[in-house]
Visitor: 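Please read through the structure below; I'll follow up with questions.
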Amino acid sequence: MTHPILIIGTGLAGYQLAREFRKIEATSPLMLITADEGRFYSKPLLSTALTSGKTSETLTTATAESMATQLNATILTRCNVTRIDPAQKTVWIGEKSYPYSKLVLACGADVIKAPLEGEGVSDVLSINHLYHYAMFQDLIKNKKHITILGAGLIGCEFANDLSNAGYEVHVIAPAKSPLELLIPESIGKLLQKALADHGVHWHLGCVASHVNKVENGYRLTLSNGEYLETEFVLSAIGLVPHIALAKTAMIKTQRGVIVNRYLETSAQDIYALGDCAEVEGHVLPYITPLLNSARALAKTLAGEHTAAEYPAMPVVVKTPIHPLVICPPPKDTVGTWKIEAVENDVRALFHDNTNQLRGFVLTNNAVKDRMNLTKLLPPLF
Ligand SMILES: Cc1cc2nc3c(=O)[nH]c(=O)nc-3n(C[C@H](O)[C@H](O)[C@H](O)COP(=O)(O)OP(=O)(O)OC[C@H]3O[C@@H](n4cnc5c(N)ncnc54)[C@H](O)[C@@H]3O)c2cc1C
């Protein structure tokens with residue numbers, strides 16, 4: 001009997017890989033294992049779902065059962081893989097083992113927990129899965145005042161979405177401006193102003209240290225000596241690739257599970273893609289990189305050894321109050337930003353020391369330049 005190709009994870013990386021594989025190989029055994037319910041949904045829609053009136057139910061486009069039929073695959077849901085044994089080519093769910101012919105880690109990222117104290121800490125929620133979103137929608141019902149920790153992509157998108165839905169939103173972050181790690185400060189300030197004009201309150205340059213329960217919610221203590229009373233705290237301070245499972249198999253990890261452009265880990269017949277992977281040194285927790293990886297890896301799994309290609313991949317920030325497309329320069333690239341503004345439309349270009357364009361940020365009407373600029377950027381590999 002041939003052991004199945006086994007994919008751990010049914011997020012977009014796992015399911016997309018399975019779909020691409022089935023386009024090439026209709027019948028060979030395929031198994032997916034997931035710790036969650038295995039519903040198919042588009043995760044980026046979570047941070048615009050209030051505006052679009054979606055719930056966790058209506059965001060679901062297929063159940064695990066219907067995905068199993070579509071993919072001609074076995075899908076084990078609510079099963080947490082606890083260990084991988086590369087020598088025996090098995091994965092373990094508690095005391096039960098499952099053999100594989102090839103194994104793919106598509107196990108996503110872990111949310112970073114804010115270093116908070118106080119008896120309200122366990123009520124602070126982060127959203128990185130559909131079931132988190134279901135909890136969130138339930139918990140914010142009948143509430144009006146929400147505080148977000150973090151002013152990165154996800155924090156800003158939820159700030160826009162929640163304020164669209166009529167909530168009073170406060171954002172607390174140590175940064176001087178939103179999206180500080182991705183875009184120049186002056187452009188971050190424009191986003192900050194646009195969201196402030198929309199009703200978002202900013203508490204920048206400080207962090208929350210304590211979350212204590214009070215009669216109608218929580219009292220946050222800020223590092224600048226201020227206090228903020230709120231009804232709900234959403235933490236969006238970031239994600240880190242999930243590497244704990246790879247470590248059980250002594251697979252090499254750094255920021256993520258280390259893979260080459262063939263998505264091969266340091267262990268034979270074990271691959272990784274999506275948010276858990278560090279591909280040729282790049283940790284890019286976005287959709288386009290995982291789609292490119294899935295296409296290449298599907299071919300490799302079907303017998304045609306294929307490298308993934310990573311062109312420059314811009315990301316649309318879902319803050320419709322201030323449209324923004326970003327393509328940050330690759331990590332550690334030395335160079336300078338040149339920022340041109342025509343009224344509210346900003347075009348910021350990042351050139352390296354050889355004057356090669358390496359990144360850009362576009363706002364408002366300037367987002368129309370996205371395709372042309374992307375063509376001018378060199379591929380990552
Ligand atoms: C709110 C939000 C908005 C976003 N918006 C955008 C956007 O606009 N554009 C963009 O490009 N990207 C966006 N992203 C990022 C993008 O959604 C992710 O990069 C992508 O969905 C990651 O998919 P994944 O399959 O790698 O991980 P996940 O979706 O996290 O899936 C991981 C899977 O692994 C399973 N798993 C983990 N550990 C185990 C285990 N031990 N045993 C069994 N199963 C396990 C989980 O149950 C899950 O099924 C957004 C992310 C968030 C949170």
Side-chain angles (χ1 to χ4, degrees), residues 6-19 31-50 54 56 59 64 67 75-84 91-94 98 103-112 125-133 136 148 150 152-162 182 234-249 256-257 263 272-279 283-294 297 313-320 324-327:
L6 202 163
I7 302 172
I8 302 175
T10 59
L12 286 168
Y15 272 146
Q16 194 58 30
L17 172 64
R19 280 182 164 164
M31 179 185 267
L32 293 94
I33 302 180
T34 176
D36 57 42
E37 293 174 321
R39 297 185 193 192
F40 185 85
Y41 74 104
S42 170
K43 192 183 284 191
L45 298 182
L46 295 182
S47 47
T48 55
L50 292 171
K54 297 264 187 195
S56 63
L59 284 166
M67 289 305 288
I75 302 181
L76 304 184
T77 60
R78 298 176 196 273
C79 290
N80 196 33
V81 177
T82 44
R83 186 161 66 85
I84 299 166
V91 303
W92 291 79
I93 298 173
Y98 294 83
L103 176 66
V104 181
L105 306 179
C107 46
D110 299 324
V111 294
I112 300 175
L125 187 77
S126 301
I127 300 177
N128 187 38
H129 291 292
L130 192 60
Y131 58 88
H132 293 147
Y133 192 75
F136 173 66
I148 298 172
L153 273 177
I154 294 175
C156 289
E157 292 184 357
F158 273 111
N160 198 150
D161 200 38
L162 283 159
L182 299 168
L234 176 65
S235 176
I237 66 165
L239 298 170
V240 283
H242 179 74
I243 56 174
L245 191 55
K247 283 187 166 177
T248 66
V257 179
L263 291 320
L273 83 167
D275 281 8
C276 67
E278 178 173 339
V279 186
V283 174
L284 294 174
Y286 305 114
I287 301 300
T288 317
L290 75 78
L291 295 179
N292 288 11
S293 298
L297 183 53
M313 294 173 274
V315 176
V316 176
V317 184
K318 301 186 297 302
T319 47
L324 194 55
V325 176
I326 63 175
C327 193

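Note that the numbering runs from 1 along the sequence shown for the chain. Counting convention: from 1, in listed order, for ligands and their atoms alike. Nothing here was measured: the structure is a model prediction, and the numbers come from that model.
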Visitor: Looking at Asn128, which atoms of ligand 1 are within less than 4.0 Å of one of its heavy atoms?
Guide: 53 (C)
Visitor: I need the atoms of ligand 1 closer than 4.0 Å to a non-hydrogen atom of Gly274, numbered in the order shown.
Guide: 26 (O)
Visitor: Partners of Lys43 by salt bridge (charged side-chain N to carboxylate O under 4.0 Å, His left out), sequence neighbours excluded?
Guide: none
Visitor: To the nearest 0.1 Å, how far is atom 19 (O) of ligand 1 from its closest protein heavy atom, and which atom is that?
Guide: Asp275 OD1, 2.6 Å
Visitor: Is the closest N or O pair between Ala13 and ligand 1 shorter than 3.5 Å?
Guide: yes
Visitor: How close do Asp275 and Pro241 get, counting heavy atoms only, and between which atoms?
Guide: O-CB, 3.4 Å
Visitor: Check each atom of ligand 1 against the heavy atoms of Gly9 and keep those under 4.0 Å away; list them by number with element.
Guide: 33 (C), 34 (O), 35 (C), 49 (O)
Visitor: Which of the numbered atoms in ligand 1 are under 4.0 angstrom from any heavy atom belonging to Ile127?
Guide: 53 (C)
Visitor: Tell me: protein heavy atom nearest atom 20 (C) of ligand 1, and distance?
Guide: Leu290 CD2, 3.8 Å
Visitor: Hey, mind stepping through Ile127 and Leu234 against side chain to side chain contact (heavy atoms under 4.5 Å, CB included) and telling me if it holds?
Guide: CA-CA 8 Å; Ile127 300 177; Leu234 176 65; 3.7 Å; yes
Visitor: So is Ala35 polar-close to ligand 1, meaning N/O to N/O under 3.5 Å?
Guide: yes
Visitor: Could you pull out, from Leu239, Leu153, Thr34, the option with a heavy atom nearest to atom 49 (O) of ligand 1?
Guide: Thr34
Visitor: Kindly give the heavy-atom pair with the smallest separation between Tyr133 and Leu46, and that separation in Å.
Guide: CE1-O, 3.4 Å
Visitor: Considering only non-hydrogen protein atoms, determine which one is nearest to atom 7 (C) of ligand 1 and report residue, atom name and distance to 0.1 Å.
Guide: Lys318 NZ, 3.4 Å
Visitor: List the atom of Leu59, the atom of Tyr41, and the distance in Å for their closest heavy-atom pair.
Guide: O-CB, 3.5 Å
Visitor: Under a 4.0 angstrom heavy-atom cut-off, which atoms of ligand 1 come close to His129?
Guide: 30 (O)
Visitor: Could you walk me through whether Asp36 and Leu130 pass side chain to side chain contact (heavy atoms under 4.5 Å, CB included), step by step?
Guide: CA-CA 9 Å; Asp36 57 42; Leu130 192 60; over 6 Å; no
Visitor: Main chain of Lys318, side chain of Glu157: is a donor-acceptor contact present, judged purely on distance under 3.5 Å?
Guide: yes
Visitor: Using 30° and 60° as the class boundaries, would you call the ring planes of Phe136 and Phe158 parallel, tilted or perpendicular?
Guide: perpendicular
Visitor: Among all protein heavy atoms in this structure, tell me which lies nearest to atom 37 (C) of ligand 1, with the distance rounded to 0.1 Å.
Guide: Cys107 O, 3.3 Å
Visitor: Any sub-3.5 Å donor-acceptor pair from Ser235's side-chain atoms to Ser126's backbone N or O?
Guide: no
Visitor: Where is the nearest protein heavy atom to atom 50 (C) of ligand 1: which residue, which atom, and how far?
Guide: Pro44 CA, 4.4 Å
Visitor: Please work out which of the three classes, parallel, tilted or perpendicular, describes the rings of His129 and Tyr131, given edges at 30° and 60°.
Guide: parallel
Visitor: For atom 30 (O) of ligand 1, which candidate among Lys43, Gln16, His242, His132 provides the closest heavy atom?
Guide: Lys43
Visitor: Side chain, backbone, both or neither: which applies to Ala106 and ligand 1 if a contact is any heavy-atom pair less than 4.0 Å apart?
Guide: backbone
Visitor: Which heavy-atom pair separates Ala272 from Val257 by the least distance, and what is that distance?
Guide: CB-CG1, 3.9 Å
Visitor: Could you check atom 27 (O) of ligand 1 against the protein and tell me its nearest heavy-atom contact, residue, atom and distance included?
Guide: Gly108 CA, 3.3 Å
Visitor: Should the proximity of Val81 to ligand 1, defined as any heavy atom under 4.0 Å, be assigned to the side chain, the backbone, both, or neither?
Guide: both
Visitor: Side chain to side chain contact (heavy atoms under 4.5 Å, CB included) for Tyr15 and Thr34? Distances and angles first, verdict last.
Guide: CA-CA 11 Å; Tyr15 272 146; Thr34 176; 5.8 Å; no
Visitor: Could you tell me which atoms of ligand 1, counted from 1 in the order shown, lie closer than 4.0 angstrom to a heavy atom of Asn80?
Guide: 40 (C), 41 (N), 42 (N)
Visitor: Return the residue, atom name and 0.1 Å-rounded distance of the protein heavy atom closest to atom 48 (C) of ligand 1.
Guide: Asp36 OD2, 3.4 Å
Visitor: Could you tell me the residue and atom name of the protein heavy atom closest to atom 11 (O) of ligand 1, and the distance to it rounded to 0.1 Å?
Guide: Ile287 N, 2.8 Å
Visitor: Measure the distances from the heavy atoms of Cys79 to every atom of ligand 1 and state whether one is below 4.0 angstrom.
Guide: yes
Visitor: Go through it in stages, so that I can follow the logic: the residues are Lys54 and Leu45, the test is side chain to side chain contact (heavy atoms under 4.5 Å, CB included), and I'd like the CA-CA distance, side-chain angles, deciding distance and then a yes or no.
Guide: CA-CA 9 Å; Lys54 297 264 187 195; Leu45 298 182; 5.5 Å; no
